[in-house]
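Structure, as structure tokens:
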Number of protein chains: 2
Amino acid sequence: MTKESRKNIAYNYLREAILTWKLHPGSPIVEQDISDQLSISRTPVREALKLLEAEGLVKVMPQRGTFVFELSTQDVEEIFALRENLEVLALQAAIQSIPIDELNNLEAYLTTLTEQSPPEHFFTSDRQLHALIVVNGGNERLALFLDSLNAQVEQVRRVSALRPNRLDVSMREHLAIVQAIQARDIITAEAELRQHIRNVKQSTLDVCRNMWWQGTIGK
Amino acid sequence: MTKESRKNIAYNYLREAILTWKLHPGSPIVEQDISDQLSISRTPVREALKLLEAEGLVKVMPQRGTFVFELSTQDVEEIFALRENLEVLALQAAIQSIPIDELNNLEAYLTTLTEQSPPEHFFTSDRQLHALIVVNGGNERLALFLDSLNAQVEQVRRVSALRPNRLDVSMREHLAIVQAIQARDIITAEAELRQHIRNVKQSTLDVCRNMWWQGTIGK
DNA sequence: ATTATAGAGATTGTATACAATCAGTACACA
DNA sequence: TGTGTACTGATTGTATACAATCTCTATAAT
């Protein structure tokens, strides 16, 4: 295996820290601090921050500082509006070509999940389903853009997905989507996918507003 | 007016050079050369190149070199498929809110254009129309993404738009779109917009293939 | 003749020092 | 008391030197 570049070390470190709430929305990221923590120079840290900025996870204010991105409700609306339409677009392109055995595997896996299953299992299956759709859609730019959109809400989603019943409901929605794709039924699949994404959006919005009230983000 | 950062100087310089064919697709960009030409250090040049990479105008191959992006027909297919659907999405959101006087101005301007008008006038009105749609769509992320998609084909489009009759036809298509928006007729506007983008795509594909044959790009 | 290998040159990747700019503070002044 | 102004510290922006890695070529071995 080829050695990882220092830029990538910094990138993965920062990305993980943001998504797991070790770095809270709105808090500053000082290049020197990160380079000290990782024992590398500022240069690769800087390049990693530029990448994260392009991805929408941090906001660089020139000559002032770099800050962890704060999601507003407006942002959530924008992101999910795009996500819904782009994923449907990918679905239309992919529905005939998604391998049936992959669908069967995913379906089998979904039916094993219960309320007691560890949340990571839900996250994994969620990523799998969306990857299945997007990758088979065959448009690389669309796939990359969706990744970037998802990264911007993932931070909040990791909280919202844990709300009571949400995991269970989400699993049922996934199952409905998978089964519609298995039947190559684009009408149903599209409707289920749209509904699922709208539910996730609502859930994300709720958490977003709660955080606001509690002063977790903003001030 | 605030002084422009050296990173931006390098960014604008390189972007312009690529879009005007001073730098041909596939040709290498050496950081040291650019920094010499602009009398600045490699650091801001490097940051500019990373920006251009995120935008899809250059391709950085780690430890090997940086190259001007070469558009393949596959890329053109991807880009226009996305552009068509995203612009329609913006149009649906924008059609009621695009100011009538802006539409009237653009319509008046379009009717003054003839085969003899300088091509820049066509480019300007083209940009205006698409900006009108995308900005009033109200989704900033969608607007930014479309900008980046357009940048990737602009290089080729500046050639394709000059083909015989293309300017004239394009003007008529624009006029039809504008008039449908004036009437707030989403059905017609969407159909005209889709047709227009498909025509531009076809024209772009033709030029793309010609360049291939002539060895302008590739080798 | 073909292949393998070592070395040189070119280019990007990284470290580090210095410059420029911004925010906040203390202080002078009205 | 309020306001403006210069100063200080912190942080990003830029310059430059050095390291790592890749490509290409020359050379040697089979």
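Lettering of chains follows the sequences in order, A, B, ..., and the numbering in each one begins at 1. Quick caveat, the model's predicted, so the values are computed rather than measured.
- OP1 or OP2 of D/dA15 lies within a sub-4.0 Å distance of a side-chain N or O belonging to B/S41.
- For A/T43, no side-chain nitrogen or oxygen approaches OP1 or OP2 of C/dT14 to under 4.0 Å.
- Taking side-chain N and O atoms only, A/R64 has a distance below 4.0 Å to OP1 or OP2 of C/dA23.
- We find that CG of B/N8 is positioned 14 Å from C1' of D/dT12, with the value rounded to whole Å.
- For A/R42, whose side chain is taken as the heavy atoms from C-beta onward, the closest listed nucleotide among C/dA15, C/dA17, C/dT12 is C/dA17.
- For the pair A/K50 NZ and D/dT12 P, the computed distance is 10 Å after rounding to whole Å.
- Nucleic acid contact class of B/I29 (heavy atoms, under 4.0 Å, all strands): sugar-phosphate only.
- Counting any heavy atom pair closer than 4.0 Å across all strands shown, A/Q32 reaches no nucleic acid atom.
- Using a 4.0 Å heavy-atom distance criterion, A/P28 is classed as making no nucleic acid contact.
- D/dT11 atom C1' lies 10 Å from atom CZ of A/R46, rounded to whole Å.
- Among the atoms of the strands shown, only primed sugar atoms or phosphate atoms (P, OP1, OP2) are found under 4.0 Å from some heavy atom of A/T66.
- When each of C/dA15, D/dT14, D/dT12 is scored by its nearest atom to the side-chain atoms of B/S5, the top-ranked nucleotide is D/dT14.
- Between its opening and closing five pairs, the helix from C/dA1-D/dT30 to C/dA30-D/dT1 changes axis direction by 0°, a value rounded to 10 degrees.
- Residues B/D206 and B/S203 have side chains that never bring a donor and an acceptor to within less than 3.5 angstrom of each other.
- We find that CE of A/M61 is positioned 11 Å from P of C/dC22, with the value rounded to whole Å.
- Rounded to a whole Å, the NZ atom of A/K7 is 7 Å from the P atom of C/dT14.
- Here B/R6 reaches the OP1 or OP2 of D/dA15: one of its side-chain N or O atoms lies under 4.0 Å away.
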